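Structure in structure tokens, see below.
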Amino acid sequence: MAERTVIPFGPQHPVLPEPVHLDLVIEDERVIEAIPQIGFIHRGLEKLVQKLDYQSFVTVTERICGICAFGHSLGYSETIEVLMGVEVPPRAQVLRVIWHELSRVHSHLLWLGLLADGFGFENLFMQCWRLRERVLGIFEQTTGGRVILNACNVGGVNRDIANEDLRGIVLILDGMRDEYQVLLKTFLKDRSVANRLRGIGMLSKEKAREYGVAGPFARASGIAEDIRSFGYGGYGFLHAFEPILSDECDGYARCQVRAEEVVQSMDIVKELVEKIPDGALSAKVKGSPAAGSRAVSRLEQPRGECFYYAKGNGTKYLERFRIRTPSSDNLAGMVYTMQGCDLADVPMNILTIDPCVSCTER
Amino acid sequence: MDPQVFIDIQLDELKGHIASYHERGWRLANLCGSSVDDKVELLYSFAQGPELENLRMLVDNGQKIPAVSPLYPNAFVFENEASELYGVVFEGGLVDYGGRFYSPSVPTPMNPASLPAQEYLASARAAADAEDEQEKQGAEEQGAEEQEEGEKEVPRG
């Protein structure tokens, strides 16, 4: 029997943009077990909700993570709106979805670039990030910020996008789409990409269900779950929504699902720009969440289902606010996919799952 | 909008509810703790498609709770989190990090009423009192020495 060795992986590693530590138990360069440890950037932001009033706390939620920033402010606002029975104006609902889908485009392009960088395809990495810049440019044009948008509030949105500017966004996305098709073809047809990713980190549909994984990680294992398909908020304006799936269950499938979701998000933005209603941007929110009131809500973040829970106590400060991020849901699945993995494939496997540690630790 | 279904349960009903959700193919969407006076409130959320149900359970600090991670492996993260941040004691969990998952610098920072937090506070207070006492003693000794030196000083002229 080969000797077992424990190799520390992370928290600092070239493929990890954020710190997570894994103890890899290996036998002949094959991983037998992976034990994750986090806690390097835990900031206790959930506790901060007791010190900041519920309206000011939106600014904190945007700072949970630099990639899912807008999504967290949206998820938080939606939860408080349920808690207080606030009806968001339709135009605000649609604007929220437009910004959120653009965030998904930028998040997936960032990830595709990191993946390409991970397997040494530097040019592909640069092209992905070059396109991502245009989405950041749209953010800057419409909100003044590139990462922290400060566009969402409890009750609606802080700013409007004029209809002609919305048409301008569609033109930018149409221009991007043509260039993105070339990248998409490289990700999905190039042999070097497939050779590096096929068969890595297999997670069957049954195991994906058992381990409760979420988002593109789950959809790449054939699980048709996407909160957007329930038609909540601005997604209700869409004619139809079908989640992008793959049955291949490996790292390549996860790449394929995310790469195709970029086009899907561009389509959503285009459809919503055509359908956006006129009207108010924000509903008036008065008073405080009632004592003992509770609300839950879910949002499809770029990495999957994000769960929010809020509890009021009759004051302007919340008693409790909880965010269960998709990455914390995917941790058990990630550990499972490590078992039997070659040591050399560990970085690629982690990349294809795309854990967001800032969100997970909050 | 997700359905807002909250069901209050007792500790002895937990296992039955968890087994029922698991058998019916519901997914564990969340498990979290929150401190309520000197107790801890646990919220278990289960989802299946657009359906969502939440079980709410109030337990005493230090009370042993059967873990759900053997049935729902993704719960190992939530259980270790609730254990380290709120002091919830889970029995039979898949992985128990023993306080080294988040490695908080103080015990159960989100729940000051938990036993480990109380013990930590008591020992921190005792250490602070001892330090004060030591400083006070040091200041007294220094005062006495200064007085002694003043008496020895020969007046000029």
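We name chains A, B, ... by the order of the sequence lines, and we start the count at 1 in each one. What you see is a predicted model; the values in this text were computed from it and never measured.
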- Between OH of B:Tyr97 and CD1 of A:Ile35, what distance do you get to the nearest 0.5 Å?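 Result: 7.0 Å between the selected atoms.
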- Message: Rounded to the nearest 0.5 Å, what separates atom CD in B:Gln4 from atom OG in A:Ser293?
- Response: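 Going from CD on B:Gln4 over to OG on A:Ser293, the span is 10.5 Å.
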- Query: OH of A:Tyr308 to CG of B:Asn30: how many Å apart, nearest 0.5 Å?
  - Reply: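 A:Tyr308 atom OH to B:Asn30 atom CG measures 12.0 Å (nearest 0.5 Å).
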- Check whether any side-chain heavy atom of A:Tyr232 lies under 4.5 Å from a side-chain heavy atom of B:Pro50, and answer yes or no.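 In contact.
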- To the nearest 0.5 Å, what is the distance between CG (A:Asn330) and CG (B:Asn74)?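 It comes to 9.0 Å.
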- Quick one: are B:Asn54 and A:Val296 in side-chain contact, heavy atoms under 4.5 Å?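 Contact flag for B:Asn54/A:Val296 side chains = yes.
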- Query: Is it the backbone or the side chain of B:Val5 that comes under 4.5 Å from a heavy atom of chain A, or both, or neither?
  - Reply: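 Contact with chain A involves no heavy atom of B:Val5 at all.
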- Would you check, one step at a time, whether the test side chain to side chain contact (heavy atoms under 4.5 Å, CB included) holds for B:Ser34 with A:Lys311? CA-CA 10 Å; B:Ser34 49; A:Lys311 188 174 152 191; 4.0 Å; yes
- Query: chain B heavy atoms under 4.5 Å from A:Tyr211: which part of the residue, side chain, backbone, both or neither?
  - Reply: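 Both backbone and side chain.
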- Query: Which one of B:Leu28, B:Leu43, B:Leu94 has the most heavy-atom pairs closer than 4.5 Å to chain A?
  - Reply: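 When all of B:Leu28, B:Leu43, B:Leu94 are compared, B:Leu43 has the most.
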- Item | Rounded distance (nearest 0.5 Å) linking atom NZ of A:Lys47 with atom OG of B:Ser35 |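 Between atom NZ of A:Lys47 and atom OG of B:Ser35 there are 5.5 Å.
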- Task: May I ask you to name which of A:Gly233, A:Ala295, A:Gly44 has the most heavy-atom pairs under 4.5 Å with chain B?
- Result: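 With the most close heavy-atom pairs to chain B, the winner is A:Ala295.
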- Item | Under 4.5 Å from a heavy atom of chain A, the part of B:Ser69 involved |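 Answer is neither: B:Ser69 stays 4.5 Å or more from chain A.
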- Which atoms of B:Pro104 approach chain A - backbone, side chain, both or neither, heavy atom under 4.5 Å: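 Contact with chain A is absent: no heavy atom of B:Pro104 under 4.5 Å.
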- Grab the two heavy atoms, one from B:Pro73 and one from A:Ala332, that are nearest each other, plus how far apart they are.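 Looks like O-CB, 3.7 Å.
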- Part of A:Tyr309 lying under 4.5 Å from any heavy atom of chain B: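 It is the side chain, since no backbone atom gets that close.
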- Item | Interface residue of largest heavy-atom contact number with chain A, from B:Ala29, B:Gly25, B:Pro3, B:Ala75, under 4.5 Å |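 Looking at each of B:Ala29, B:Gly25, B:Pro3, B:Ala75 in turn, B:Ala29 comes out on top.
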- Item | Segment of A:Glu78 engaging chain B (4.5 angstrom heavy-atom cut-off) |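 Interface part for A:Glu78: neither.
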- Toward chain A, the part of B:Asn80 with a non-hydrogen atom under 4.5 Å: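 Looking at B:Asn80, nothing touches chain A.
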- Considering only NZ, NE, NH1 and NH2 on the basic side and carboxylate oxygens on the acidic side, decide whether A:Glu210 and B:Arg27 come within less than 4.0 Å.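 Here A:Glu210 does not pair with B:Arg27 in a salt bridge, since their nearest N and O are not under 4.0 Å apart.
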- Task: Just give me the residue among A:His21, A:Glu46, A:Arg298 that pairs up with chain B most often, heavy atom to heavy atom, under 4.5 Å.
- Result: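 Looking at each of A:His21, A:Glu46, A:Arg298 in turn, A:Arg298 comes out on top.
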- Item | Ionic contact status for B:Glu41 with A:Arg320, cut-off 4.0 Å |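 Judged by the 4.0 Å cut-off on N to carboxylate O distance, A:Arg320 and B:Glu41 do not form a salt bridge.
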- Please state whether the side chain, the backbone, both or neither of B:Glu84 comes within less than 4.5 Å of a heavy atom of chain A.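 No part of it gets close to chain A.
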- Message: As a quick check of understanding, evaluate side chain to side chain contact (heavy atoms under 4.5 Å, CB included) for B:Glu81 and A:Ser328, giving each step before the final call.
- Response: CA-CA 10 Å; B:Glu81 192 177 65; A:Ser328 55; over 6 Å; no
- Query: Do the side chain of A:Arg322 and the main chain of B:Leu31 share a donor and acceptor less than 3.5 angstrom apart?
  - Reply: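 Yes, A:Arg322 side chain to B:Leu31 backbone: donor-acceptor pair under 3.5 Å.
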- Task: Heavy-atom distances under 4.5 Å only: say whether B:Phe101 touches chain A with side chain, backbone, both or neither.
- Result: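 When you check distances to chain A, atoms from both the backbone and side chain of B:Phe101 fall under 4.5 Å.
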- SG/B:Cys32 to CZ/A:Arg324 distance, rounded to the nearest 0.5 angstrom?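 CZ of A:Arg324 is found 11.0 Å from SG of B:Cys32.
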- Pick from A:Glu225, A:Glu81, A:His42, A:Gln50: which one has the most heavy-atom pairs with chain B under 4.5 Å?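 Option with the greatest count: A:His42.
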